[in-house]
Number of protein chains: 2
Amino acid sequence: MSENQSLFKALADPTRRQILKVLKKGSMNAGELSELFPISKGSLSHHFNLLKKADLVKTRRNGQQIIYSLNTSVFEDVTALLLDLFNAGDNVIDKEGE
Amino acid sequence: MSENQSLFKALADPTRRQILKVLKKGSMNAGELSELFPISKGSLSHHFNLLKKADLVKTRRNGQQIIYSLNTSVFEDVTALLLDLFNAGDNVIDKEGE
DNA sequence: GAGATATTTTGATATTTGTCAAAATATCAA
DNA sequence: TTGATATTTTGACAAATATCAAAATATCTC
């Protein structure tokens with residue numbers, strides 16, 4: 001799957017967007033996140049995976065816990081990509097689909 | 001489906017993003033668009049519908065033809081929404097999911 | 001009105017997706 | 001090493017999605 005595609009797919013689910021919003025306020029481990037969402041830990045882990053594949057979040061282990069945080073370094077690129085789609089501009093080079 | 005959700009869903013498909021890119025260059029009728037995409041007219045019409053529901057494109061009829069164009073008035077809102085998700089900032093009001 | 005063209009809608013189908021429960025893996029602490 | 005806790009992975013399943021062919025709708029021209 002293309003990089004773009006995994007990004008947009010990741011954003012297509014409301015739970016995943018909410019996870020990003022929560023992580024904007026600060027890192028959290030999987031268990032803490034799990035308390036905020038009314039779905040099983042397994043399902044949540046699945047969402048984490050998609051967010052990681054899209055390079056939107058990163059993880060580190062601390063003992064038994066896995067700490068999730070935004071991969072802020074990617075957010076600039078993401079913003080550029082979205083503006084490319086949405087803003088006017090001369091479309092000099094088409095970034096996707098060719 | 002929430003406004004946001006229909007927007008993100010609309011963006012989740014590569015064909016639909018490509019349609020938006022094409023329409024950025026100028027309006028087109030359904031038949032012309034159909035020549036650019038290797039899928040049936042029925043499938044394409046389905047994509048048009050989702051883009052319309054997301055308020056990303058608008059249509060007008062010209063005789064037998066339906067002309068599709070970007071709904072530019074919405075793009076500012078969309079950009080704001082995306083920046084809300086992706087950019088730093090103090091998150092004063094959470095726009096989604098509460 | 002009849003026929004032709006443009007587009008959408010419908011019905012069917014295969015694939016993808018989100019979900020759960022249960023099993024598996026990893027780490028810690030005794 | 002045994003047991004407890006944290007998280008992920010697996011397997012199954014229901015719902016959503018993209019697709020096509022065919023039927024339906026709308027407009028035009030004759």
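Chain letters run A, B, ... following the sequence lines, proteins first, then strands; residues in each count from 1. Fair warning: this is a prediction, and the values are worked out from it, not measured in the lab. What's counted below: heavy atoms across the whole structure, side chains too, no hydrogens, waters or symmetry copies.
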[X] side chain to [Y] main-chain N or O, any donor-acceptor pair under 3.5 Å?
X	Y	value
B:Arg16	B:Ala10	yes
B:Asn29	B:Gln65	no
A:Arg17	A:Leu11	yes

* Look at atom CD of A:Glu3 and say whether more than 12 heavy atoms of other residues, nucleotides or ligands are closer to it than 6.0 Å. => no

Between [N] atom [atom2] and [X] atom [atom1], what is the distance in whole Å?
X	N	atom1	atom2	value
A:Phe37	C:dT19	CZ	C1'	15 Å
A:Gln5	C:dT17	CD	C1'	13 Å
B:Gln65	C:dA4	CD	C1'	14 Å
B:Ile67	C:dT7	CD1	C1'	13 Å
B:Ile66	C:dT9	CD1	C1'	13 Å

* Structure fact -> Protein-proximity profile, nucleotides 17-30 of chain D, B/S/- by nucleotide at the 4.0 Å heavy-atom cutoff, equals SSBB-----SBS--

Does a side-chain heavy-atom distance below 4.5 Å link [X] with [Y]?
X	Y	result
B:Ile66	B:Phe48	no
B:Met28	B:Ile67	no
A:Ile19	A:Leu44	yes

* To do: Over all heavy atoms of both residues, which pair between A:Pro14 and B:Gln5 is shortest? Give the atoms and the distance, please.
  => CD-OE1, 3.5 Å

* What are the two closest heavy atoms between A:Ala54 and A:Ser6, and how far apart are they? -> CB-O, 3.5 Å

* Structure fact -> Test side-chain contact (heavy atoms from CB on, under 4.5 Å), reference B:Leu23, set B:Val57, B:Leu56, B:Asn71, output is B:Val57

* Asked: Are A:Phe37 and A:Tyr68 connected in a single hydrophobic cluster, I mean Ile/Leu/Val/Met/Phe/Trp/Tyr linked by side-chain heavy atoms less than 4.5 Å apart?
  -> yes

* Structure fact -> Under the rule of Watson-Crick or G-U wobble with both distances under 3.5 Å, where | means paired to another strand and [ ] a crossing pair, DNA chain C maps to ||||||||||||||||||||||||||||||

* How would you label the contact of A:Tyr68 with the nucleic acid (heavy atoms, under 4.0 Å): base, sugar-phosphate, or nothing? -> sugar-phosphate

Output a table of nitrogen or oxygen pairs between the protein and nucleotides 11-14 of chain C separated by less than 3.5 Å.
none

